[in-house]
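All figures in this text were calculated on a predicted structure; none of them were measured in a lab. Residues: numbered from 1 along the sequence shown.
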Amino acid sequence: MSADPPAVPTAACPECNRLIQNAGQGEPPRRDAPPGWVPPTLRALARHLANRHLELVPGWVADCARCEEVSTALRESAGQGLLGAGAAQAGAEHRALHLLVPTGPRYP
């Protein structure tokens with residue numbers, strides 16, 4: 001993961017601009033971080049992308065274990081109200097992270 005702010009195609013959005021600046025000034029990558037750990041500033045940007053720019057969020061990534069886990073949870077919780085909505089939000093935020101950090105065994 002680079003220390004540079006992520007390049008997101010929503011630079012015209014003031015909130016994206018603010019979050020991208022925060023991401024560039026946030027915690028640097030940690031070598032001792034557990035698998036899947038992402039700096040909170042990038043998680044905030046992913047949440048914003050999922051909530052306000054869902055059309056930019058990629059689909060499920062075939063070789064990503066977390067994508068498989070969340071998409072399965074979504075299928076299983078369909079029609080279960082808040083549980084399904086929570087799984088959908090988690091899935092959208094996770095997929096948005098694919099725009100911001102590399103995919104691999106140590107990243108989401």
Side-chain angles (χ1 to χ4, degrees):
M1 184 165 32
S2 166
D4 296 333
V8 178
T10 56
C13 170
E15 185 66 4
C16 281
N17 284 329
R18 185 185 72 74
L19 290 166
I20 289 167
Q21 286 179 344
N22 287 348
Q25 299 166 2
E27 283 186 65
R30 295 176 19 196
R31 292 200 181 276
D32 65 334
W37 181 86
V38 175
T41 53
L42 286 183
R43 288 221 179 264
L45 179 55
R47 184 173 302 114
H48 172 73
L49 290 169
N51 288 333
R52 300 288 184 221
H53 307 288
L54 189 57
E55 72 281 0
L56 300 174
V57 173
W60 302 110
V61 175
D63 59 346
C64 173
R66 180 72 177 144
C67 279
E68 178 62 29
E69 178 185 334
V70 176
S71 65
T72 299
L74 267 173
R75 283 190 303 276
E76 292 172 354
S77 66
Q80 293 184 15
L82 290 178
L83 177 63
Q89 180 66 27
E93 289 177 20
H94 170 76
R95 292 183 351 254
L97 284 171
H98 283 295
L99 293 171
L100 307 173
V101 296
T103 302
R106 294 200 48 81
Y107 297 103

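Taking both residues in full, the closest heavy atoms of L97 and L42 are given as CD2-O, 4.0 Å, listed atom of the first, atom of the second, then distance. Of all heavy-atom pairs between V70 and G91, the closest is CG1-CA, 3.3 Å.
Within the 4.5 Å cutoff, side-chain heavy atoms of R75 are placed close to those of S71. Looking only at side-chain heavy atoms (C-beta outward), V57 and H94 stay at 4.5 Å or farther from each other. Side-chain contact check for T41 versus L19: every heavy-atom pair is 4.5 Å or farther apart. Taking the side chain as every heavy atom from C-beta outward, V61 and D63 approach each other to under 4.5 Å. Under the 4.5 Å side-chain criterion, counting only non-hydrogen atoms from C-beta, C16 is in contact with L49.
Applying the salt bridge (charged side-chain N to carboxylate O under 4.0 Å, His left out) rule to E69 yields the partners R66; only residues at least two apart in sequence or on another chain are considered. Residues satisfying the side chain to side chain donor-acceptor pair (under 3.5 Å) criterion with R18, sequence neighbours excluded, are E15. By the side chain to side chain contact (heavy atoms under 4.5 Å, CB included) test, R47 pairs with N51, Q89, E93, sequence neighbours left out.
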Steps toward side chain to side chain donor-acceptor pair (under 3.5 Å) verdict (T72, E76):
CA-CA 6 Å; T72 299; E76 292 172 354; 5.8 Å; no
Requested in this report: Just do the side chain to side chain contact (heavy atoms under 4.5 Å, CB included) check on H98 and C64 with the steps written out, would you?
Outcome: CA-CA 10 Å; H98 283 295; C64 173; 3.6 Å; yes
